[in-house]
Amino acid sequence: MDTITESESERVVFVTEDGVPTGETGPKLASHHGETRLHLAFSCYVLRRSDEALLITQRALDKKVWPGVWTNSVCGHPAPGESLPDAVRRRAAYEIGLPELQDLECVLPKYRYRTPPFQGIVENEFCPVFVAWVDGDPQPNPEEVGGWRWISWPDYTQLLESTEVNVSYWAKDQYAQLKDKKPFSSLGQQNFGA
């Protein structure tokens, strides 16, 4: 398993509004603040093949950015020169203990967002969104993940609308673009529960 951790040795790739790398990089942690520059990232939604349930995760409480917030399966930043699919697989192995992602596909190649401040941090990312399938349960890294569960797509929709659960800005924002795209548009023909 990859041993990269969240440290100042990790770099983010700064990009233009169209997602083209500028040639500049910055320390991952130090680059996230109230005026975060636009940088390259990814989000991935992991679905369980047996029942089409979605894996959602709660960010660990000691994360600098959006601690304790529920979100999609795995998010991260590619290293300089690393392809997005390779970055998704690396972070899925490290963060949620799922090194074998099947049928990895980019479903929102040009997704871009900027969050309002959250505990003094603004996320500002050109963030292609992926979907992948797995057969087994995750083995999350406790430094990254505070909780996890499988949830049906209809239940996920309700979770995003809840005022009682703290859900990430990007998960709510991505939903509007994902709900009508395959495979998401065909999920939830039955209610599986969590």
Practice task
I would like to know whether K181 and V131 meet side-chain contact (heavy atoms from CB on, under 4.5 Å); could you show each step before the answer?
Solution key: CA-CA 11 Å; K181 289 193 172 291; V131 64; over 6 Å; no
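- Residues A60 and P142 approach most closely at CB-O, 3.8 Å, considering heavy atoms.
- Residues V129 and L187 are members of one and the same hydrophobic cluster, defined by side-chain heavy-atom contacts under 4.5 angstrom among Ile, Leu, Val, Met, Phe, Trp and Tyr.
- Judged by distance alone, the side chains of N72 and W170 do bring a donor and an acceptor atom under 3.5 Å apart.
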Handout entry: Check against side-chain contact (heavy atoms from CB on, under 4.5 Å), F130 and L101
Key = CA-CA 11 Å; F130 290 78; L101 298 180; over 6 Å; no
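- Y94 is listed as a side-chain neighbour of E143, based on a closest heavy-atom distance under 4.5 Å.
- Rounding to the nearest 0.5 angstrom, the gap separating the CH2 atom in W70 from the CD1 atom in I56 is 5.0 Å.
- With rounding to the nearest 0.5 Å, the separation of CZ in R89 from CD in E100 is 8.5 Å.
- Counting only heavy atoms from C-beta outward, the side chains of V13 and H77 never approach each other to under 4.5 Å.
- The minimum heavy-atom distance linking V167 with L159 is given by the pair CG2-O, 3.9 Å.
- For Y175 and W153, the ring centers are positioned less than 6.0 Å apart.
- Expressed to the nearest 0.5 Å, how far CG of L160 lies from CG of D155 amounts to 11.0 Å.
- Residues T57 and E144 fail the side-chain proximity criterion, which asks for heavy atoms closer than 4.5 Å.
- Inter-residue side-chain proximity for W150 and P138 is flagged as met; some heavy-atom pair is nearer than 4.5 Å.
- With a 4.5 Å cut-off on side-chain heavy atoms, E123 and R114 do not count as touching.
- Contact record, L61 with G68: CD2-CA, 3.6 Å, taken as the closest heavy-atom pair.
- For the residue pair W66 and N166, no side-chain donor N or O sits within less than 3.5 Å of a side-chain acceptor on the partner.
- No side-chain heavy atom of T115 sits under 4.5 Å from any side-chain heavy atom of S168.
- In terms of hydrophobic clustering, with Ile, Leu, Val, Met, Phe, Trp and Tyr side chains grouped at heavy-atom distances under 4.5 Å, I121 and F14 are assigned to different clusters.
- Taken together through direct or relayed side-chain contacts under 4.5 Å among Ile, Leu, Val, Met, Phe, Trp and Tyr, L29 and V122 form parts of separate hydrophobic clusters.
- Taking OG1 of T22 as the reference point, atom CZ of R37 lies at 5.5 Å (rounded to 0.5 Å).
- Distance check, rounded to the nearest 0.5 Å: OH of Y45 to CG of L55 gives 12.0 Å.
- Partners of E164 according to the salt bridge (Lys or Arg N to Asp or Glu O under 4.0 Å) rule, which considers only residues two or more places apart in sequence or in another chain, do not exist here.
- Summarising the geometry, atom NE2 belonging to H33 is positioned 10.0 Å from atom CG belonging to N124; distances are rounded to the nearest 0.5 Å.
- Heavy-atom minimum distance, C75 versus E95: O-OE1, 3.3 Å.
- Linking ILVMFWY residues whenever their side-chain heavy atoms come closer than 4.5 Å, directly or via other members, leaves V12 and V74 in distinct clusters.
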Problem - Derivation and outcome, side-chain contact (heavy atoms from CB on, under 4.5 Å), residues Y169 and Y113 - result: CA-CA 9 Å; Y169 176 93; Y113 76 103; 3.9 Å; yes
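- S73 approaches I96 most closely through the heavy-atom pair O-CG2, 3.7 Å.
- Between S31 and T25, the closest side-chain pair of non-hydrogen atoms is not below 4.5 Å.
- Between L38 and T16, every side-chain heavy-atom pair lies at or beyond the 4.5 Å cut-off.
- Closest heavy-atom contact between D135 and R49: OD1-CB, 3.5 Å.
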Practice task
Could you please spell out the steps behind the side-chain contact (heavy atoms from CB on, under 4.5 Å) verdict for E125 and H39?
Solution key: CA-CA 5 Å; E125 295 183 337; H39 58 278; 3.2 Å; yes
